[in-house]
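Notes follow once the structure below has been shown.
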Amino acid sequence: MQELLLEKGEKMEQESTGSGSSKFSSLQWVFKVKNMAWEAYKNKPFSHWVLLFLSSFGMLVAFPASSLLSRVYFANGGTSKWIISWVAVAGWPIPALILFPMYLFHNTSPTPLSIQLFCSYVFLGFLSAADNLMYAYAYAYLPASTAALLASSSLAFSALFGFWIVNNKLNASVINAIVIITAAMTIIALDSDSDRYPYVSNSQYIWGFVWDILGSALHGLIFALSEWVFIKFLGRRSFHVVLEQQVMVSFCAFLFTTIGVIINKDFQGMASEAKTFKGRVTAYNLVLIWSVITFQLGVLGATGILFLASTVMAGVLNAVRVPVTSIAAVILLNDPMNGFKILSLVITFWGFASYIYGTSTGSKLS
């Protein structure tokens, strides 16, 4: 069957030669991509595609769910930014439970922990704790759809910091993506009053906007520094090494965030907060527990995509995640969605497409 399709494809390409070079070029590209996709499918076991599907599901479902749960927490009576940032890293044992069996049953050994590597994990953990806290402030004051759109600017910051720190290339398409995403953020800023909740003051909304952008910038810096750590200290990208970094950074972020929660005395306030929460204690506990689980499942999904596929596919799924989160927020949380926000969403998606095209230039698909 495959040989027959290839034979027909070749005949179609030959017939298209006389009808114009552009048509021939398009058909040639389509059959080239089709043949490469078929070869890729044949060269990978079925388990690879199952894991790739589960990882994609984690990015497209778990991450948006985590974002929505953060908004649900604040919309239903939750007030502690430290608590919602703490639950983002409280699930660090979940990837550890996957990592330890790999040492036992797959003949792998832990990466030697040098002083430099340990210090890099601690520093990245501190930055991650600060990043989670910034996003917590953003979701406290902004609709989930707006916060998700603003957070997409982390892609532009990742490209810039990657260029400065690890010498990643910046071609015309990537620069175009940075400009486009910046324009989308500007559109949201110009229409800031239309989606502000009545109980959120103008200054709180502005600070939510600022914290979201700062968190996105810090997220981009963390991504670039993580890549630098791989290049400088690890030098290999196996799944268990990527997972080791995630576990260690999350654990350090957990320690830093726990210290902040203790100093702010938010653990003592959880009991009274649960009693005033809409739905009472049961709903309060469910929101926090599912926030822990969904965030870590999203992280595991992103880790799986980077190992099983490529950073380009991770970029594609990250692009799709933005409208998924925004649309889900409109449907499930009755988030306001006006023309300016829809325009910003379309422009953001365009920026992602430009970035994906730019980063894929020179790859095997080009």
Side-chain angles (χ1 to χ4, degrees), residues 57-95 97 128-151 195-200 204-205 208 211-212 215 219 250 253-254 256-258 260-262 264-302 321-322 324-336:
F57 183 84
M59 281 197 71
L60 295 179
V61 177
F63 264 146
S66 176
S67 299
L68 295 181
L69 285 169
S70 296
R71 184 59 229 161
V72 167
Y73 169 80
F74 290 112
N76 289 276
T79 58
S80 174
K81 287 80 175 177
W82 278 106
I83 289 296
I84 207 64
S85 60
W86 180 79
V87 299
V89 288
W92 69 267
I94 295 177
L97 291 175
S128 296
D131 190 42
N132 291 331
L133 186 61
M134 291 178 184
Y135 279 134
Y137 271 92
Y139 277 94
Y141 301 136
L142 301 177
S145 55
T146 302
L149 282 168
L150 292 174
D195 66 347
R196 180 165 54 87
Y197 292 122
Y199 54 85
V200 175
Q204 286 177 327
Y205 185 94
W211 286 122
D212 208 341
H219 188 79
S250 294
F254 171 76
F256 283 117
T257 308
T258 301
V261 175
I262 293 173
N264 207 45
K265 298 181 179 180
D266 282 1
F267 281 137
Q268 295 91 317
M270 290 179 69
S272 59
E273 188 176 69
K275 293 177 181 178
T276 59
F277 195 80
K278 186 177 180 180
R280 299 294 180 173
V281 177
T282 301
Y284 182 81
N285 291 334
L286 285 175
V287 167
L288 295 186
I289 290 171
W290 279 109
S291 294
V292 171
I293 295 172
T294 53
F295 187 86
Q296 291 302 320
L297 289 180
V299 169
L300 286 173
R321 181 167 66 91
V322 173
V324 167
T325 305
S326 299
I327 294 171
V330 172
I331 295 174
L332 301 176
L333 304 181
N334 296 318
D335 260 21

Taking all heavy atoms of [X] and all of [Y], pick out the closest pair and write down the distance.
X      : Y      : answer
Ser272 : Gly269 : OG-O, 3.0 Å
Ile84  : Val87  : O-CG2, 3.1 Å
Gly215 : Asp131 : O-OD1, 2.5 Å
Gln296 : Gly91  : CG-O, 3.2 Å
Ala129 : Ala253 : CB-O, 3.8 Å
Leu69  : Ser291 : CB-OG, 3.4 Å

Inset, instruction - Begin from the C-alpha positions of Tyr135 and Ser85 and carry the test side-chain contact (heavy atoms from CB on, under 4.5 Å) through to its verdict. - result: CA-CA 8 Å; Tyr135 279 134; Ser85 60; over 6 Å; no

Quick one: list whatever passes side chain to side chain donor-acceptor pair (under 3.5 Å) with [X], sequence neighbours left out.
X      : result
Ser70  : none
Asp212 : none
Ser250 : Gln246

Test item: [X] and [Y] side chains (from C-beta on) under 4.5 Å apart, heavy atoms:
X      : Y      : answer
Lys81  : Phe74  : yes
Pro143 : Arg71  : no
Ile83  : Tyr73  : yes
Val299 : Phe63  : yes
Val72  : Leu333 : yes
Leu142 : Tyr205 : yes
Phe277 : Val287 : yes

Legend entry - Greater than 12 external heavy atoms within 6.0 Å of Phe57's CZ: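 Atom CZ in Phe57 is not crowded, with 12 or fewer foreign heavy atoms closer than 6.0 Å.
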
Atom [atom1] in [X], atom [atom2] in [Y]: separation rounded to 0.5 Å?
X      : Y      : atom1 : atom2 : answer
Thr325 : Leu60  : OG1   : CG    : 9.0 Å
Ile331 : Ser326 : CD1   : OG    : 11.0 Å
Thr146 : Tyr139 : OG1   : OH    : 10.0 Å
Ile327 : Ser145 : CD1   : OG    : 10.5 Å
Asp266 : Thr258 : CG    : OG1   : 11.5 Å
Tyr197 : Gln204 : OH    : CD    : 13.5 Å

Inset, instruction - For residues Trp211 and Tyr141, establish whether the separation of their ring centroids is below 6.0 Å. - result: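 No; Tyr141 has its ring centre 6.0 Å or more from that of Trp211.
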
Legend entry - side-chain contact (heavy atoms from CB on, under 4.5 Å) between Asn76 and Tyr284, worked out: CA-CA 9 Å; Asn76 289 276; Tyr284 182 81; over 6 Å; no

Inset, instruction - Show your reasoning for whether side-chain hydrogen bond (donor to acceptor under 3.5 Å, both in side chains) applies to Thr257 and Trp82. - result: CA-CA 7 Å; Thr257 308; Trp82 278 106; over 6 Å; no

